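Take a look at the structure below.
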Amino acid sequence: MYNPKSLKAEEFIDHQEILDTLAYADENKDNLELIDQILKKARERKGLSHREASVLLACDNKEKIEEMYELAKQIKYDFYGNRIVMFAPLYLSNYCINGCVYCPYHISNRHIARKKLTQEEIRREVIALQDMGHKRLALEAGEDPKNNPIEYILESIKTIYSIKHKNGAIRRVNVNIAATTVEEYRMLKDAGIGTYILFQETYHKESYEKLHPYGPKSNYAYHTEAMDRAMEGGIDDVGLGVLFGLEMYRYEFAGLLMHAEHLEAVHSVGPHTISVPRIKRADDIDPTAFDNGIDDETFAKICALIRICVPYTGMIISTRESQSVREKVLSLGVSQISGASRTSVGGYCEEEPEEENSEQFDVSDKRTLDEVVKWLMEMGYIPSFCTACYREGRTGDRFMSLCKSGQIQNCCQPNALMTLKEYLMDYASEDTKKIGEALIQAELENIPKEKVKEICKENLLKIEQGIRDFRF
Ligand code: SAM
């Protein structure tokens with residue numbers, strides 16, 4: 001029986017409830033009266049249920065879709081302004097004992113080069129990332145208790161936080177590692193991680209089991225219940241995601257929102273972020289072998305609806321997507337993007353020779369961070385390197401209440417401008433710097449509180465004098 005408060009995977013992601021939801025959506029996809037009612041509710045900016053959201057996803061009326069896009073843009077603007085948070089992934093190890101059929105790290109791939117960074121290699125990777133200007137990382141590793149035990153991950157986090165190269169610093173480490181125990185989540189929390197990210201891959205249990213034929217990840221319930229264990233271990237910022245292409249997107253979309261509803265029902269705080277990866281070509285993986293690929297238009301609609309349905313949840317897009325797709329979904333709701341990513345182990349220090357490939361997937365957007373930063377600013381966005389919230393204890397529901405209070409503009413806006421200023425001073429090309437300085441001057445006016453604006457201006461001057469790391 002469907003029960004969002006249950007701690008059992010098959011009860012909070014109830015298969016029959018998803019089937020009933022999809023049937024309800026099909027029945028009502030042309031019911032314009034209902035669609036208008038749902039859109040009216042969405043305009044209150046309090047989110048939508050998975051059922052309501054699924055009706056909007058099924059609707060193919062062009063005018064209504066346009067209304068959904070307009071609303072997504074407005075909600076995006078109201079909650080996130082024009083700020084876009086920047087990050088990069090850091091692959092620690094691609095040793096893995098799982099059998100995920102879409103991932104080239106699966107254990108039976110004897111062709112891919114297996115690599116695991118030593119602490120010294122991590123140091124070099126982090127210096128390379130700091131030298132680009134990155135302040136926020138997402139750690140990635142395969143699941144392998146022998147090669148990548150929790151002690152290795154913890155030691156790596158410690159190393160990363162300890163490196164201060166020139167004016168560089170990694171100030172927030174998010175972690176994307178396999179589902180684990182409450183005890184290990186507690187260790188990650190104590191190590192000072194930001195968000196714990198784990199993609200569900202697919203919410204469809206039968207497909208999940210086929211796609212994960214062996215290894216610890218094959219346990220659907222253990223994987224699906226991971227966020228509850230993470231929260232029990234004290235991590236209150238968790239990031240959800242599905243790998244689009246594996247199963248029917250409408251099923252995944254309903255499952256994703258049911259997962260968010262479950263977290264809210266049990267822990268009183270929804271997901272901190274939702275990622276929207278699509279399956280990509282990789283070493284021995286051919287994405288066309290999967291039947292459920294979605295086109296760019298459907299992908300954009302999913303992003304817009306996530307924005308409408310969970311307004312307080314950040315949305316992340318990676319370099320799996322091309323510049324043009326990224327451009328489209330930025331306006332529709334995405335709030336965080338990666339730049340200059342390498343998905344190979346050790347890839348920031350050295351280009352890999354063809355025969356030593358350790359990449360997880362092909363990246364589509366291959367631009368440098370400076371190019372991405374400049375591109376964002378030319379479109380009117382503020383690239384933000386801010387990591388203030390979790391360092392100021394604004395995690396979980398405390399972060400959500402900042403969003404809900406309307407005070408976000410007095411906090412995130414100055415933090416974005418000050419961290420962008422650091423980037424311009426330390427890493428930007430001349431062109432980028434020029435555009436950025438003008439943008440900062442203009443955007444200072446969008447800080448509502450006079451006092452905050454004054455402090456921000458003073459701090460910008462101090463950054464010019466060489467002082468770093470101011471935050472509200
Ligand atoms: N091993 C951990 C786990 O099982 O969750 C870490 C995650 S893995 C390094 C990061 C994510 O990349 C996976 O959760 C999966 O969704 C995604 N991924 C795997 N193969 C992919 C592919 N061929 N194309 C795009 N994304 C892929």
Side-chain angles (χ1 to χ4, degrees), residues 87-107 109 112 114-117 137-145 147-150 152-153 156 174-180 184-185 188 193 195-203 207-208 211-212 214-220 222-227 229-230 238-247 252 256 273-290 292-294 299 316-322 325 338 341-345 347 357-365:
F87 78 99
L90 174 59
Y91 281 76
L92 293 180
S93 163
N94 66 354
Y95 283 92
C96 193
I97 59 168
N98 283 313
C100 315
V101 304
Y102 49 83
C103 177
Y105 292 174
H106 65 91
I107 192 170
N109 185 353
I112 199 164
R114 298 286 171 178
K115 296 184 188 173
K116 173 187 168 182
L117 298 179
L137 299 184
L139 285 198
E140 309 279 340
E143 178 164 19
D144 185 332
N147 283 300
N148 317 329
I150 192 72
Y152 169 68
I153 305 291
S156 306
N174 297 332
V175 173
N176 182 4
I177 60 167
T180 186
E184 294 196 355
Y185 285 125
L188 288 169
I193 70 161
T195 313
Y196 171 66
I197 299 167
L198 181 69
F199 300 159
Q200 177 63 28
E201 321 299 4
T202 175
Y203 283 97
S207 300
Y208 184 96
L211 292 159
H212 305 92
Y214 47 83
K217 196 168 169 177
S218 61
N219 186 335
Y220 175 83
Y222 190 74
H223 188 81
T224 312
E225 294 159 8
M227 295 313 191
R229 292 194 300 280
V238 298
L240 305 181
V242 290
L243 186 54
F244 285 104
L246 298 179
E247 240 304 331
E252 304 294 20
L256 188 60
T273 56
I274 289 181
S275 300
V276 285
R278 282 196 284 186
I279 191 159
K280 294 279 304 176
R281 185 168 299 284
D283 191 63
D284 67 343
I285 308 297
D286 174 5
T288 61
F290 299 87
N292 294 295
I294 49 173
F299 184 65
I316 303 180
I317 196 141
S318 72
T319 54
R320 288 177 184 87
E321 299 298 334
S322 66
V325 170
S338 48
S341 304
R342 295 276 189 282
T343 64
S344 49
V345 182
N357 175 31
S358 70
E359 265 182 1
Q360 198 190 18
F361 52 82
D362 288 355
V363 300
S364 296
D365 186 340

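These numbers were taken from a predicted model, which means no experiment stands behind them. Numbering of ligands and ligand atoms starts at 1, following listing order.
When the side chain to side chain contact (heavy atoms under 4.5 Å, CB included) test is applied to R342, the partners found at least two apart in sequence or on another chain are S344, Y348, E351. Applying the side chain to side chain donor-acceptor pair (under 3.5 Å) criterion to T180, with sequence neighbours excluded, gives E184. Partners of R281 by side chain to side chain donor-acceptor pair (under 3.5 Å), not counting sequence neighbours, listed by chain and number: D286.
No cation-pi contact links R278 to F361, judged by a cut-off of 6.0 Å to the six-membered ring centre and 45° from its axis.
Protein residues having a heavy atom under 4.0 Å from any atom of ligand 1 are Y102, C103, E140, A141, G142, N176, A178, L198, F199, E201, K217, L243, R278, I279, K280, R320, Q360, F361, listed by chain and number.
The backbone N or O of V345 sits less than 3.5 Å from a side-chain atom of S358, completing a donor-acceptor pair.
Ring orientation note: the planes of Y105 and Y91 are nearly perpendicular, at an angle over 60° on the 30°/60° scale.
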